[in-house]
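Below you'll find the structure, written out as structure tokens, and then a few comments.
Since we're looking at a predicted model, the values are computed, not measured.
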Amino acid sequence: QVQLVESGGGLVQPGGSLRLSCAASGFNLDYYAIGWFRQAPGKEREGVLCKSSAGGTRYYVDSVKGRFTISKDNAKNTVYLQMNSLKPEDTAVYYCALRSGRTCWDSVDHWGKGTLVTVSS
């Protein structure tokens, strides 16, 4: 059974950093694309970035380029989202999302429950 469990969210001041983790089980990360979405208060869920099984990264939000990076540890079956230079507009619930195939073009098959990131002074 596929499970995605996010952790690492919290309150951070503008300009600060956080690293989110997504511990995956029930499948092998070697064979799937996986990424992060977010949903800000009062807004629709949006894709943030995704990493294919081959290792390529696709960004969905221009504003996070240069600030957010995605990485994965296949041995631990864990995906990370490193977020630097955080801004108040990054405040959202962040969700780990497993694609149905190897690429970031494949549909999202499974979601984590999310972790809240609040950027505020």
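Put simply, the side chain of E89 does not reach to within 4.5 Å of the side chain of S63, judged on heavy atoms. You'll find the side chain of E46 reaches within 4.5 Å of the side chain of R38, heavy atoms only. When side chains are defined from C-beta on, R99 does not count as touching D109, because their heavy atoms never get closer than 4.5 Å. Contact check for M83 versus V117: side-chain heavy atoms found under the 4.5 Å cut-off.
Applying the side chain to side chain donor-acceptor pair (under 3.5 Å) criterion to T118, with sequence neighbours excluded, gives no partner residue. Annotation: salt bridge (charged side-chain N to carboxylate O under 4.0 Å, His left out) contacts of K113 (sequence neighbours excluded): none. By the side chain to side chain donor-acceptor pair (under 3.5 Å) test, R19 is found to be paired with no residue, residues two or more places apart in sequence or in another chain being considered.
In this structure, K65 pairs ionically with D62, as a charged nitrogen and a carboxylate oxygen lie closer than 4.0 Å.
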Pairs of donor and acceptor atoms involving the side chains of residues 7-16, under 3.5 Å and at least two apart or interchain, shall be tabulated with distances.
none

Do any side-chain atoms of residues 52-59 form donor-acceptor pairs under 3.5 angstrom with protein atoms, and if so which ones, sequence neighbours left out?
unit_1, atom_1, unit_2, atom_2, d
S52, OG, A54, N, 3.3
S52, OG, G55, N, 3.2
S52, OG, G56, N, 3.1
T57, OG1, K51, NZ, 3.2
R58, NH1, Y60, OH, 3.3
Y59, OH, F68, O, 3.0

Which pairs of donor and acceptor atoms, one on a side chain in residues 26-37, lie under 3.5 Å apart (sequence neighbours left out)?
unit_1, atom_1, unit_2, atom_2, d
N28, OD1, D30, N, 2.8
D30, OD1, N74, ND2, 2.5

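In this structure, the side chain of E6 engages the main chain of C96 through a donor-acceptor pair within 3.5 Å.
Y95 and V64 fall into different hydrophobic clusters, where Ile, Leu, Val, Met, Phe, Trp and Tyr are joined by side-chain heavy atoms under 4.5 Å apart, directly or via other members. At a threshold of 4.5 Å between side-chain heavy atoms, the hydrophobic network of Ile, Leu, Val, Met, Phe, Trp and Tyr places V79 and V2 in one connected group. Linking ILVMFWY residues whenever their side-chain heavy atoms come closer than 4.5 Å, directly or via other members, places V61 and Y94 in the same cluster.
Between K72 atom NZ and S21 atom OG the span is 15.5 Å, to the nearest 0.5 Å. One distance of note links CD of Q82 with CD1 of I70; it measures 12.0 Å at 0.5 Å rounding. Between atom OG1 of residue T69 and atom CG of residue L81 there is a gap of 7.0 Å, rounded to the nearest 0.5 Å.
Between A24 and L4, the shortest heavy-atom distance links the atoms CB-CD2, 3.8 Å.
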